[in-house]
Amino acid sequence: MRRVLLGFLLAFAAIPRASAADRRPEQLCLSPGDTIEILNAHEVVTPSEVLVHARRAVPNSEVLRASLCRETDKLVYRIMLLTKDGRIVRVTVDAPSGKVVTIH
């Protein structure tokens with residue numbers, strides 16, 4: 001579990017961040033520190049659970065990026081996957097429940 005969380009946070013930290021001026025006010029992805037606090041407070045499902053749901057929604061894919069984001073008044077995970085045929089698929093998962101919300 002710690003390895004999965006550490007891997008998630010390392011991948012999360014490597015993602016370039018947009019400046020505050022570039023972000024839409026309704027969507028703000030959290031820093032690794034804020035993500036850990038929310039995970040420790042058990043407000044959301046774990047990253048490992050979310051990745052299982054995302055990969056079930058998009059079979060035969062590899063996770064490229066995962067972020068915990070605040071979207072208006074809720075928390076969501078935004079997962080970017082690469083399929084075997086080279087397509088990029090974006091999956092949004094409701095963070096408290098772990099249910100897939102959208103697949104694009």
Side-chain angles (χ1 to χ4, degrees):
M1 171 64 186
R2 285 185 178 215
R3 279 188 173 168
V4 171
L5 180 58
L6 181 59
F8 176 80
L9 292 174
L10 288 174
F12 182 84
I15 301 168
R17 303 279 178 252
S19 69
D22 295 337
R23 292 185 188 136
R24 296 183 311 201
E26 68 275 3
Q27 178 185 337
L28 174 70
C29 291
L30 305 177
S31 70
D34 290 341
T35 299
I36 289 172
E37 284 182 30
I38 289 172
L39 285 166
N40 287 338
H42 303 288
E43 294 179 35
V44 298
V45 296
T46 64
S48 58
E49 291 176 72
V50 169
L51 296 179
V52 167
H53 293 296
R55 293 197 64 206
R56 279 188 191 146
V58 184
N60 299 318
S61 62
E62 295 296 322
V63 176
L64 296 177
R65 180 186 309 176
S67 302
L68 180 61
C69 304
R70 201 171 294 281
E71 185 178 88
T72 311
D73 60 345
K74 61 185 175 179
L75 291 169
V76 296
Y77 283 100
R78 298 212 176 271
I79 315 295
M80 185 181 295
L81 302 158
L82 177 65
T83 62
K84 295 277 184 192
D85 63 358
R87 292 181 303 120
I88 301 289
V89 179
R90 290 174 180 80
V91 177
T92 303
V93 178
D94 179 67
S97 70
K99 294 185 180 180
V100 173
V101 178
T102 62
I103 303 171
H104 295 285

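Count residues from 1 along the sequence.
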Ile103-Tyr77 co-clustered via ILVMFWY side chain contacts under 4.5 Å: yes
Atom of Ile79, atom of Ala66 and distance for their closest heavy-atom approach: CD1-CB, 3.7 Å
Separation of Thr72 OG1 from Leu28 CG (nearest 0.5 Å): 11.5 Å
Same apolar cluster: Val76 and Met80, side chain cutoff 4.5 Å: no
Distance, nearest 0.5 Å, that separates CG of Leu30 from CD1 of Ile38: 5.0 Å
Rounded distance [0.5 Å steps], OG in Ser97 versus CG in Leu75: 11.5 Å
Listed once per pair and sorted, the salt bridge (charged side-chain N to carboxylate O under 4.0 Å, His left out) pairs that draw on residues 90-104, sequence neighbours left out: none
Separation of Leu82 CG from Ile88 CD1 (nearest 0.5 Å): 5.0 Å
Residues 51-60, side-chain donor-acceptor partners within the protein, below 3.5 Å, at least two apart:
{"from": "Arg55", "atom 1": "NE", "to": "Ser61", "atom 2": "O", "distance (Å)": "2.9"}
{"from": "Arg55", "atom 1": "NH2", "to": "Ser61", "atom 2": "O", "distance (Å)": "2.7"}

Leu81 side, atom CG; Glu62 side, atom CD - distance, nearest 0.5 Å: 9.0 Å
Gap separating the CG atom of Leu68 from the CZ atom of Arg78, nearest 0.5 angstrom: 10.5 Å
Sequence neighbours excluded, every pair satisfying salt bridge (charged side-chain N to carboxylate O under 4.0 Å, His left out) that has a member inside residues 31-54: none
